[in-house]
Amino acid sequence: MSGYYSFGVKTDLHTAMIDITRKVQDIVKESGIENGICIVYIPHTTAAVTVNENADPDVVKDFMMEINKLVPLSDGYRHSEGNSAAHIKASMIGFSETLIVENGRLVLGTWQGIYFMEFDGPRIRKVYVKVLKG
Ligand code: ZN
């Protein structure tokens with residue numbers, strides 16, 4: 001196998017924030033690494049990853065409402081593919097997160113979850129995960 005894990009994410013909407021915490025945790029468990037670092041990487045130019053609250057679903061709605069105001073879907077962009085807003089939002093949020101692994105589990109705050117951010121769906125996406133001992 002390659003030196004990293006990957007899994008698919010299917011998005012049904014144009015923009016979406018999907019909790020992938022469980023899938024990443026399952027990979028950490030599968031890796032057998034008890035203590036180290038987990039890197040979550042998104043190999044796309046119009047999707048991203050972030051860590052945020054996974055308790056109140058309204059946080060996700062508010063997040064999407066505001067980021068769509070910051071970077072409107074159409075604004076006289078030049079990029080011919082028509083998805084400049086998605087490219088910009090993806091870079092604003094970022095393509096990777098680094099998490100601590102302790103005792104075989106991700107170290108996250110009580111209310112934190114890992115979110116896949118879709119900005120140009122619906123699409124079939126990939127998430128790469130690398131777990132390092134240390
Ligand atoms: Zn494009």
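Start at 1 and go down the list; that is how both ligands and their atoms are numbered.
The one candidate from Met64, Met92, His14 that meets the side-chain contact (heavy atoms from CB on, under 4.5 Å) condition with Phe119 is Met64.
Interatomic distance, SG of Cys38 versus CD1 of Ile27, reported as 7.5 Å (0.5 Å rounding). Here the straight-line distance linking atom CG of Leu13 with atom CD of Glu118 works out to 9.0 Å at 0.5 Å rounding. To the nearest 0.5 Å, atoms CD (Glu34) and NZ (Lys133) are separated by 9.5 Å.
The shortest side-chain heavy-atom distance between Glu97 and Thr50 falls under the 4.5 Å cut-off.
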Kindly indicate, with the supporting measurements, whether the criterion salt bridge (Lys or Arg N to Asp or Glu O under 4.0 Å) is fulfilled by Asp26 and Lys29.
CA-CA 5 Å; Asp26 286 349; Lys29 192 176 175 189; over 6 Å; no
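The distance cut-off of 2.8 Å around the Zn ion (ligand 1) captures these protein N, O or S atoms, sorted by chain and number: His79 NE2, Glu81 OE1, Asn83 OD1, His87 NE2.
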